[in-house]
Amino acid sequence: MIYAIPKAVKYIAIGFFLMNLIGLDRSPIVWMDEVTLNDPAKELALNGNLISSVFSDRNSFGEAYYWQPPGQPLLMSLIYRLFGFGIWQTRLPGLFFASGILVILYFLSMSLLRNHSSAIIAILILGLDPKFIESARSARMDTQSLLLAISGIYLVFSLRSIRDNNSNTYLPSMLFAGLCLGLAGITHPLAIVWVLSLALIKLLWKHSLPTQKFVWLLVAIVTPLSIWVLSAFGSGELKLLGAQFFDHGGSRLASGSLFGRISDEALRYWDAYRLVPGLLLVYFGGIVWLFYNRRNLSYGSAWLCVLTILPILFNTFFMSKTVGFYYLYPVSMMALASGAMINHLWNNKTRIFSMLLPRVAVRGVLSALFISVIGFGILGRYVVLAYQWDQRDYAPIKLALERTIPPDSVIWGPPDIWYAAEEIGASLRIRGEPLRNNHDYLVTKLTGDIDIPTDLHLVAELGSALPPVFGAISVSSADYRMQVWQWDSN
């Protein structure tokens, strides 16, 4: 179970949160997933209907929303009800969840590997991971799902110590563990891969989890999903659930040959970590090291291998290679293995083939890696923000739209203007084609390639280009340069 949180863990989690508060409203630029995933929550909080206004011109999204499971929309609608609608309210929850992930991963590492130093190193690595930081700031559902799933996994393994199935703490705790995993699954369906991992652990190590415990776990896991499906059935929207959810889910599955999927998954990891290839080496080196040394460690090390390798294989063979943060599911477990490996290498002499490396050399390499991760991670983000602070400010976008577009207008445009459109009383559409009869205004990205209809005239230009860092380095990022168009007859 969870006991007192060590001071070092508190400092790392709080430090992660505070470091990422800086420029949270400016980095990243408002983007597609932030809008499409949170618009239903906004509609539920402000108008009482779980629909998607930005998708309302297609697939009955203006009637009901089943494109994604309801975990994130329901939570975010509560946030909007309590604290209002805005960019800070949308992005802060993901940051809270990411900080919580670091805490619960510490306890999971202690449960499986039983080494305080390894656990601290693990959460420090993940907390500095540029892609984990990006996910935490993205306003997506990934950190919410990861926190719930890892909490459930930790509770499952911590309950191994309860031998009496009639214990007053056994059944409620096991049900809560299953509920966490089930809620993770209706936040992001990929979390279910860890249920498969637990089932494999149960199959290979029968003593790991008694059958009665596992049955109760499964009952609790399927409960949130059952409630969602039954609610759709009761509303007469079961076909709509199938049409929206499975249509979207199908687009997120891998395609191509077996070899192609393997190579594409490898390239995806490389693309994600190309600025910090040493971190990628540490992640995969950690799981290889743990697997090689599993017989010299506790059962927990073998179970951690399963929790890591099965999601890697699942992503490789079944998941799309072009969208999402799917790799963070295995990466969060790789971090635990990497923490154990680094702790071992730091405190012991290392032999590569027949050559015995001096401890100072190993520590030097690890220190250089640590510095590079900081430089291309949070420190690099700070440098970019320092050079582009004013150009990333969202307030001028809202003011410009407020001066240009009257309330109650329907705008066809990019996701960038979502917050501004809502705050000025307009409504945004981001799918389909701009049509005179459906939309009052058209907003286009200056860098976009849309064909502007001939019966539109330009009424305003927004935003400015992002200056290069140090005056010479161009950063791959969208900006807020946009043009506002109005139909001639209006």
Side-chain angles (χ1 to χ4, degrees), residues 2-28 79 87-111 113 115-140 142-148 150-151 154 272-273 275-276 278-280 282-283 286 325 328 331-343 346 363 366-386 389 392:
I2 295 180
Y3 303 103
I5 302 175
K7 285 186 178 180
V9 178
K10 291 180 183 177
Y11 293 151
I12 292 172
I14 294 173
F16 175 88
F17 182 81
L18 294 178
M19 286 192 305
N20 282 286
L21 274 181
I22 300 173
L24 184 62
D25 61 330
R26 287 168 163 81
S27 178
I79 298 295
I87 192 168
W88 282 98
Q89 294 92 322
T90 303
R91 294 182 173 184
L92 272 173
L95 206 52
F96 275 113
F97 295 139
S99 299
I101 288 170
L102 299 180
V103 175
I104 201 66
L105 271 177
Y106 168 83
F107 286 106
L108 179 60
S109 179
M110 289 297 295
S111 176
L113 303 179
N115 187 289
H116 171 75
S117 297
S118 297
I120 292 295
I121 295 170
I123 64 172
L124 191 59
I125 291 172
L126 188 63
L128 293 172
D129 183 326
K131 302 309 291 186
F132 182 71
I133 292 172
E134 182 182 336
S135 174
R137 302 172 70 101
S138 71
R140 279 176 51 92
D142 302 284
T143 54
Q144 178 182 337
S145 176
L146 283 167
L147 177 60
L148 287 166
I150 296 170
S151 297
Y154 167 70
Y273 291 97
L275 295 179
V276 282
L279 182 58
L280 193 60
V282 165
Y283 279 151
F325 289 93
L328 285 182
V331 157
S332 62
M333 296 298 156
M334 287 186 202
L336 302 189
S338 300
M341 180 188 71
I342 290 175
N343 184 52
W346 190 270
R363 291 183 174 183
L366 293 174
S367 298
L369 171 66
F370 179 78
I371 293 170
S372 71
V373 171
I374 294 176
F376 286 102
I378 192 65
L379 183 59
R381 189 177 291 271
Y382 286 162
V383 172
V384 171
L385 278 170
W389 188 262
R392 289 174 172 270

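- Between the Ser111 side chain and the Leu108 main chain, no donor and acceptor come within less than 3.5 Å of each other.
- Atom OH of Tyr382 sits in a crowded spot, with more than 12 heavy atoms from other residues, nucleotides or ligands closer than 6.0 Å.
- With rounding to the nearest 0.5 angstrom, the CG atom of Leu126 is 10.0 Å from the CE atom of Met333.
- If you run side-chain contact (heavy atoms from CB on, under 4.5 Å) between Val103 and each of Ile14, Ile12, Val9, Ile150, only Val9 comes through.
- Heavy atoms only, all atoms of each residue included: Leu369 and Gly278 are closest at CD1-C, 3.3 Å.
- Looking at every heavy atom in both residues, Gly339 comes nearest to Ile125 through N-CD1, 4.3 Å.
- In this structure, Phe132 and Phe16 have tilted ring planes: the angle between them lies in the 30° to 60° band.
- Using a 4.5 Å heavy-atom threshold, the side chains of Leu147 and Ser151 count as touching.
- When side chains are defined from C-beta on, Ile133 counts as touching Arg381, because their heavy atoms get closer than 4.5 Å.
- Val282 has its side chain out of reach of Met334: every pair of non-hydrogen atoms, C-beta onward, lies at least 4.5 Å apart.
- With rounding to the nearest 0.5 Å, the separation of CD1 in Ile123 from CG in Leu128 is 10.5 Å.
- A distance of 6.5 Å separates CG of Leu336 from CG of Leu113, quoted to the nearest 0.5 Å.
- No donor-acceptor distance shorter than 3.5 angstrom exists from the side chain of Ser109 to the backbone of Tyr106, with no hydrogens or angles considered.
- Contact detail for Ala8 and Ile120: the closest heavy-atom pair is CB-CD1, 3.8 Å.
- Here the side chains of Arg137 and Arg91 are not in contact, with every heavy-atom distance at 4.5 Å or above.
- At least one side-chain heavy atom of Phe325 sits under 4.5 Å from a side-chain heavy atom of Ser138.
- Residues Pro130 and Val276 form a side-chain contact, since some pair of their non-hydrogen atoms from C-beta on lies under 4.5 Å apart.
- Using cut-offs of 30° and 60° on the angle between ring planes, the pair Tyr283 and Tyr273 is perpendicular.
- Heavy-atom neighbours of Phe17 CZ from other residues, nucleotides or ligands within 6.0 Å: above the threshold of 12.
- The two residues Asp25 and Ile87 have their closest heavy-atom pair at O-CD1, 3.4 Å.
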